[in-house]
2 protein chains.
Amino acid sequence: MAAKEISGSKLLKLAQKFNNFYLSGFEKGDCRPFFVGNCQVGLVRPDVTNHLLKYPEIFLVQPHAVILNPAFRDYSERSTQVEKFLRECRSTNTFITLKGWRDESYEVRPSFCHEPLLKMERSATCLFGVCNYGVDINGYVMDKEKGLCLWLQRRSPTKQTWPGKWDNMVGGGLSCGYSVLETAHKEAEEEASIPRELLANLKSGGCVSFYFESERGLFPNTEFVFDLELPVDFIPTNNDGEVDKFELLPAKEVLERCFTPDFKTTSCPVVLDFLIRHGEISPEKEPNFLELVELLHVPLQGIYRRFPQPVNENGRNETE
Amino acid sequence: MAAKEISGSKLLKLAQKFNNFYLSGFEKGDCRPFFVGNCQVGLVRPDVTNHLLKYPEIFLVQPHAVILNPAFRDYSERSTQVEKFLRECRSTNTFITLKGWRDESYEVRPSFCHEPLLKMERSATCLFGVCNYGVDINGYVMDKEKGLCLWLQRRSPTKQTWPGKWDNMVGGGLSCGYSVLETAHKEAEEEASIPRELLANLKSGGCVSFYFESERGLFPNTEFVFDLELPVDFIPTNNDGEVDKFELLPAKEVLERCFTPDFKTTSCPVVLDFLIRHGEISPEKEPNFLELVELLHVPLQGIYRRFPQPVNENGRNETE
């Protein structure tokens with residue numbers, strides 16, 4: 001009565017790697033839910049909580065929750081107060097992730113279709129386990145000899161995060177003020193100099209969601225995924241200094257590269273989803289196909305609704 | 001601080017409809033886990049449990065679990081004993097689902113990559129909340145004027161389940177003895193008379209998973225999804241009497257039809273996944289895009305591992 005595939009395939013192990021928090025950290029329960037009003041918007045690790053204790057005028061640290069001071073009444077005040085805290089932490093080198101300070105803000109909200117409750121410096125969201133949203137473009141070519149080929153980028157060796165690692169052709173975070181499609185267009189131009197007329201072929205293909213943890217913090221990530229078929233003779237070139245080089249690889253070699261330590265772990269889900277949607281990873285070839293697809297779509301949109309919601313100091317349910 | 005889209009889009013409501021058990025029944029906790037050895041393979045509703053109590057030689061009904069008698073030592077004995085019970089229930093008209101007795105068996109296993117522990121009559125698996133696996137083919141045409149069009153079938157009015165409802169071009173359950181691809185080929189020939197040479201273009205596109213409940217029982221369903229681009233002049237014809245007619249519809253009209261009561265609820269996930277993968281449902285058009293994609297991939301492969309595992313009568317962990 002033994003499982004056929006107890007240990008799991010290489011692909012399943014990769015999916016477990018970029019879901020290390022979803023599959024184990026989350027269940028451990030040593031993080032505290034982070035609330036803004038009655039909405040949970042994140043999760044705080046014990047090491048971060050210890051620092052928040054020093055700022056009782058900003059964070060109310062309770063035994064089972066961290067609450068942003070409900071005296072801050074609106075988006076602007078919440079954003080300003082949290083930024084004050086983060087700038088102090090940055091100046092005292094409290095958190096390694098803030099070494100990568102970007103001066104770029106992400107919206108903080110309980111789920112994507114909810115109004116933002118505050119904005120937060122991009123490099124700090126992992127301290128609070130705030131859901132991150134990004135956009136990725138799979139640039140591909142149908143080569144007559146090699147079949148389906150995918151363009152990859154190697155990140156610049158001077159990038160703060162994942163320097164020198166292989167990555168999707170184009171990818172970027174969804175910053176305040178930009179829609180999903182606007183972000184796709186902006187990143188395609190900045191990162192790979194893709195001309196407007198080629199971008200007319202951009203096709204939405206879905207999204208992937210996973211929950212990763214590293215020494216920097218917690219990453220509940222959702223990526224909007226686009227496919228772009230490119231002419232055989234088009235070669236992407238970088239425009240913003242963030243890319244070392246581009247390379248066109250047959251689908252099989254892309255997959256092999258995902259298994260090496262040279263690939264950015266959190267960019268693998270987009271590649272795997274592309275290879276699944278295009279029939280390169282199929283149930284006939286992959287024994288853990290179903291688990292794999294499920295681990296590319298973990299239920300992040302509802303994940304913070306699992307926790308009970310504390311009543312805030314004013315006894316108001318602010319979502320009403 | 002109100003949600004932008006509190007009530008949810010039409011598409012989100014549809015995804016909630018075919019996940020009615022995942023989103024509410026599952027949490028209620030009035031069903032008992034169904035164990036074979038130490039492996040949970042299903043979930044039993046109270047109405048079914050009441051009948052199982054009359055067969056203590058086959059089912060051990062405990063306060064928090066239903067266990068198949070561990071005295072049955074192998075696949076064959078377990079299958080025979082359960083079939084004996086089911087045939088008695090059928091002869092006494094105990095469960096409406098058994099009116100649709102198919103004489104076709106499904107494998108019962110804790111997850112898809114696990115060895116089967118027994119086989120069970122197809123129409124009975126919903127009594128035990130056993131995971132069902134199926135295969136669906138999206139037959140599509142790229143029409144120069146109408147754009148992306150999809151073939152739908154209307155089910156025969158004499159079918160036991162969902163008679164006369166609209167459905168995917170080709171779909172069928174994964175029965176004992178057939179692989180995923182074999183099932184796809186078999187159903188394509190039987191249901192839509194698709195010739196071998198066209199089937200060479202069949203492309204795996206992923207899978208969908210959802211957990212539906214009806215008066216018949218519990219349906220934790222996973223469908224392996226294939227796309228098949230068809231020539232503009234090809235018209236599917238039925239071979240096995242199970243289809244009333246076929247119709248080719250532009251993508252937008254397919255979606256409209258999914259919203260009507262004339263579409264088989266549990267076939268909508270495959271259509272929505274197809275329209276998402278082909279860019280017809282996109283984040284720019286659909287406010288609940290992320291929730292929608294998550295509800296097309298609910299984590300069924302691990303869903304029965306959430307429950308604590310009772311020690312069986314012999315104190316053996318049979319998965320070791």
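In what follows, chains are A, B, ... by sequence order, proteins preceding strands, each numbered from 1. Everything quoted here is computed from the prediction, not taken from an experiment.
In this structure, chain A has a heavy atom under 4.5 Å from the side chain of Glu284(B), while its backbone stays farther away. In this structure, the portion of Ser209(B) lying under 4.5 Å from any heavy atom of chain A is its side chain and not its backbone. In this structure, chain B has no heavy atom under 4.5 Å from any part of Leu202(A). Ile281(B) touches chain A through its backbone: at least one of N, CA, C or O sits under 4.5 Å from a heavy atom, while the side chain does not.
Annotation: the span from Arg277(A) atom CZ to Asp227(B) atom CG amounts to 11.0 Å, rounded to 0.5 Å. Going from atom CG of Leu12(A) over to atom CD of Gln301(B) covers 10.5 Å, rounded to the nearest 0.5 Å.
Interface remark: of the candidates Tyr75(A), Phe224(A), Tyr133(A), Phe224(A) forms the most heavy-atom pairs closer than 4.5 Å to chain B. Each of Leu290(B), Ile276(B), Val180(B), Asp273(B) has some count of heavy-atom pairs under 4.5 Å with chain A, and the biggest count is that of Leu290(B). Counting heavy-atom pairs closer than 4.5 Å to chain B, the top-ranked of the candidates Gly279(A), Cys207(A), Gly206(A), Ser204(A) is Ser204(A). The candidate from Pro283(A), Ser111(A), Ser282(A), Ser179(A) with the greatest count of non-hydrogen atom pairs under 4.5 Å with chain B is Pro283(A).
Residues satisfying the side-chain hydrogen bond (donor to acceptor under 3.5 Å, both in side chains) criterion with Glu286(B), sequence neighbours excluded, are Ser9(B). Every residue was checked against the salt bridge (Lys or Arg N to Asp or Glu O under 4.0 Å) condition with Asp136(B), not counting sequence neighbours, and none meets it.
Other residues, nucleotides and ligands contribute at most 12 non-hydrogen atoms within 6.0 Å of the NZ atom of Lys252(A).
Across Val298(A) and Glu294(B), no two heavy atoms sit closer than the pair O-OE2, 3.5 Å.
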